[in-house]
Amino acid sequence: MAEAEVSNKRVILKRHVTGFPTEDDMELVTATARLAVPPGSAAVMVKNLYLSCDPYMRRRMTKHQEPSYPEFVLGEVITTFGVSKVVESGHPDFKAGDLVWGMTACEEYTLITKPASIFKINHPELPLSYYAGVLGMPGLTAFSGFFNVTKPKKGDYVFVSAASGAVGQLVGQLAKITGCYVVGSAGSDEKVNLLKTKFGFDDAFNYKKEHDLNTALKRCFQQGIDIYFDNVGGEMLDAALLNMRLHGQVAVCGMISQYNLERPEGVRNLACVITKRICIEGFRVIEYFGTYRKFEEEMVGHLKEGNITYMEDVAEGIEKVPAALVGLFYGRNIGKQLVAVAQE
């Protein structure tokens with residue numbers, strides 16, 4: 001088994017993207033993979049079970065003069081977070097049969113040369129797909145950004161944009177557990193209904209139906225906003241600044257509204273940062289990987305106690321990666337977008 005060579009379908013970046021991505025920007029190709037690790041290597045060969053589709057990947061598909069993320073290489077497999085099973089290992093911390101999550105690639109089998117980027121799965125009794133979502137990178141992003149960046153208090157007024165997505169749905173629920181008043185925005189009536197009925201948000205609105213975002217936020221937050229967890233940037237960030245309370249906190253997690261623009265929009269209401277003494281802080285989840293085990297146990301507790309619920313949108317088959325990734329930017333997914341590559 002360890003020396004076998006098998007077919008390995010993979011999704012590569014065919015061309016750099018401008019504007020909205022299309023499925024034709026990527027290509028499904030068939031290569032081969034040797035189910036072994038090089039002699040003396042600490043690498044780990046894995047079989048991928050679930051792959052994560054996330055908005056930040058769009059930034060990596062474009063050639064930037066000043067990259068903010070490492071860019072995908074033309075003709076090479078697209079990397080992402082995922083859930084995998086170890087096939088062969090040269091690393092003492094991993095053995096064949098272990099279930100892991102972490103950075104892998106959009107293919108059936110991946111040789112992971114930097115095993116520091118993967119974690120053993122400690123709770124296989126829960127759905128394995130959770131480790132590409134609520135118990136993986138999106139979950140750690142929500143937990144770290146909310147608690148470490150904004151430092152919430154009971155009674156705070158919290159606004160979450162893209163609130164039905166992989167990160168937003170968790171931020172809202174963590175805020176409710178903390179004792180906050182929580183409002184979310186989403187891009188369809190169906191998603192707004194989910195925020196209020198499934199995820200326990202106090203209120204929510206469909207931003208596509210609002211003529212003026214400032215007016216919408218004033219309606220929802222008559223006392224103003226203490227914490228804004230920003231997943232979209234652009235006009236929503238501008239409107240939120242007008243509605244922040246004194247010493248409000250803005251955690252900048254993502255800017256999905258800007259990723260497909262050739263010229264990103266500016267923010268006009270920055271004077272509010274001065275007059276209201278607002279703190280705006282961006283963060284990247286990689287800074288918090290060292291806290292993962294503590295996060296995992298706390299989130300598992302919430303899941304088992306029923307304090308947290310999580311919604312996934314799962315596409316079946318490696319060939320669905322392009323469509324699933326593109327769909328993020330048209331709001332087609334309901335919940336965390338995953339691709340199931342193999343059943344385990």
Side-chain angles (χ1 to χ4, degrees), residues 11 47-58 78 80-85 99-104 106 119 121-143 145 160-174 176 184 186-188 190-201 204 231 253-254 256 285 292 295-296 298-344:
V11 177
K47 176 182 180 180
N48 293 314
L49 308 178
Y50 292 95
L51 298 173
S52 179
C53 294
D54 299 291
Y56 83 91
M57 296 168 70
R58 169 63 186 83
I78 293 172
T80 188
F81 288 91
V83 178
S84 314
K85 184 175 183 178
L99 293 167
V100 298
W101 80 271
M103 185 57 72
T104 183
C106 294
F119 300 85
I121 288 175
N122 288 330
H123 292 276
E125 72 276 11
L126 293 170
L128 290 180
S129 58
Y130 277 12
Y131 281 88
V134 59
L135 293 175
M137 182 275 289
L140 184 59
T141 300
F143 191 91
V160 185
S161 54
S164 67
V167 173
Q169 60 176 288
L170 293 173
V171 173
Q173 292 178 83
L174 291 170
K176 288 303 298 178
S188 72
E190 179 185 6
K191 292 177 181 179
V192 167
N193 183 58
L194 283 170
L195 292 177
K196 294 192 282 189
T197 61
K198 189 176 182 68
F199 300 131
F201 283 59
N231 290 304
C253 178
I256 193 170
V285 68
Y292 175 72
F295 152 77
E296 180 187 30
E298 189 162 337
M299 188 61 81
V300 165
H302 285 314
L303 288 166
K304 290 185 174 181
E305 292 165 13
N307 299 328
I308 293 278
T309 187
Y310 200 63
M311 180 167 283
E312 301 172 320
D313 192 324
V314 184
E316 298 284 342
I318 184 73
E319 69 279 1
K320 297 295 180 61
V321 167
L325 186 54
V326 169
L328 291 175
F329 302 98
Y330 293 92
R332 294 172 188 156
N333 59 303
I334 305 292
K336 169 61 189 166
Q337 183 66 67
L338 304 171
V339 175
V341 180
Q343 297 297 323
E344 190 62 44

Test log, rule side chain to side chain contact (heavy atoms under 4.5 Å, CB included), inputs Val341 and Leu49: CA-CA 5 Å; Val341 180; Leu49 308 178; over 6 Å; no

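- With values rounded to the nearest 0.5 angstrom, Asn333 atom CG is found 10.0 Å from Leu338 atom CG.
- When side chains are defined from C-beta on, Lys304 counts as touching Glu125, because their heavy atoms get closer than 4.5 Å.
- Using a distance-only test at 3.5 Å, with no hydrogens or angles considered, a donor-acceptor pair links the side chain of Gln337 to the main chain of Asp313.
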Pair Lys336-Ser52, side chain to side chain donor-acceptor pair (under 3.5 Å): steps then yes or no: CA-CA 8 Å; Lys336 169 61 189 166; Ser52 179; 2.5 Å; yes

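- Looking only at side-chain heavy atoms (C-beta outward), Asn231 and Ile256 stay at 4.5 Å or farther from each other.
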Full working for ring-ring contact (aromatic ring centres under 6.0 Å, His included) between Trp101 and Tyr130: CA-CA 10 Å; Trp101 80 271; Tyr130 277 12; over 10 Å; no

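- Tyr131 contributes a side-chain N or O that, together with a main-chain N or O of His123, makes up a donor-acceptor pair within less than 3.5 Å.
- Residues Asn48 and Ser84 have side chains that bring a donor and an acceptor to within less than 3.5 angstrom of each other.
- Annotation: side chain of Ile78 is in contact with side chain of Met57 (closest heavy-atom distance under 4.5 Å).
- Scanning all heavy atoms of the two residues, the minimum distance from Ala166 to Tyr310 falls at O-OH, 3.2 Å.
- Annotation: the span from Leu325 atom CG to Arg58 atom CZ amounts to 9.5 Å, rounded to 0.5 Å.
- Rounding to the nearest 0.5 Å gives a distance of 7.5 Å between CG of Asp54 and CG of Leu328.
- Inspection of the Glu296 and Asn122 side chains reveals an N or O donor paired with an N or O acceptor under 3.5 Å.
- Contact between Ile308 and Leu303 at its shortest, heavy atoms only, is O-CD2, 3.6 Å.
- The two residues Leu195 and Ala186 make their nearest non-hydrogen contact at CD1-CB, 4.1 Å.
- Residues Thr141 and Cys253 form a side-chain contact, since some pair of their non-hydrogen atoms from C-beta on lies under 4.5 Å apart.
- Taken to the nearest 0.5 Å, the CZ atom of Phe199 stands 11.0 Å off from the CG atom of Asn193.
- Taken to the nearest 0.5 Å, the CE atom of Met137 stands 12.5 Å off from the OH atom of Tyr292.
- Across all non-hydrogen atoms, the minimal contact from Ala324 to Val339 is CB-CG2, 3.9 Å.
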Criterion side chain to side chain contact (heavy atoms under 4.5 Å, CB included) on Val83 and Leu99, from CA distance to verdict: CA-CA 7 Å; Val83 178; Leu99 293 167; 5.7 Å; no

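- Rounding to the nearest 0.5 Å places OG1 of Thr80 at 15.0 Å from OH of Tyr50.
- Smallest separation of non-hydrogen atoms from Ala340 and Gln343: CB-NE2, 4.1 Å.
- Within the 4.5 Å cutoff, the side chain of Val11 has heavy atoms near those of the Pro322 side chain.
- For the residue pair Gln169 and Thr309, the shortest heavy atom distance occurs at OE1-O, 4.0 Å.
- Proximity of Phe143 to Glu298: side-chain heavy atoms (C-beta onward) are separated by under 4.5 Å at one or more points.
- In this structure the side chain of Leu194 never reaches within 4.5 angstrom of the side chain of Ser164, judged on heavy atoms.
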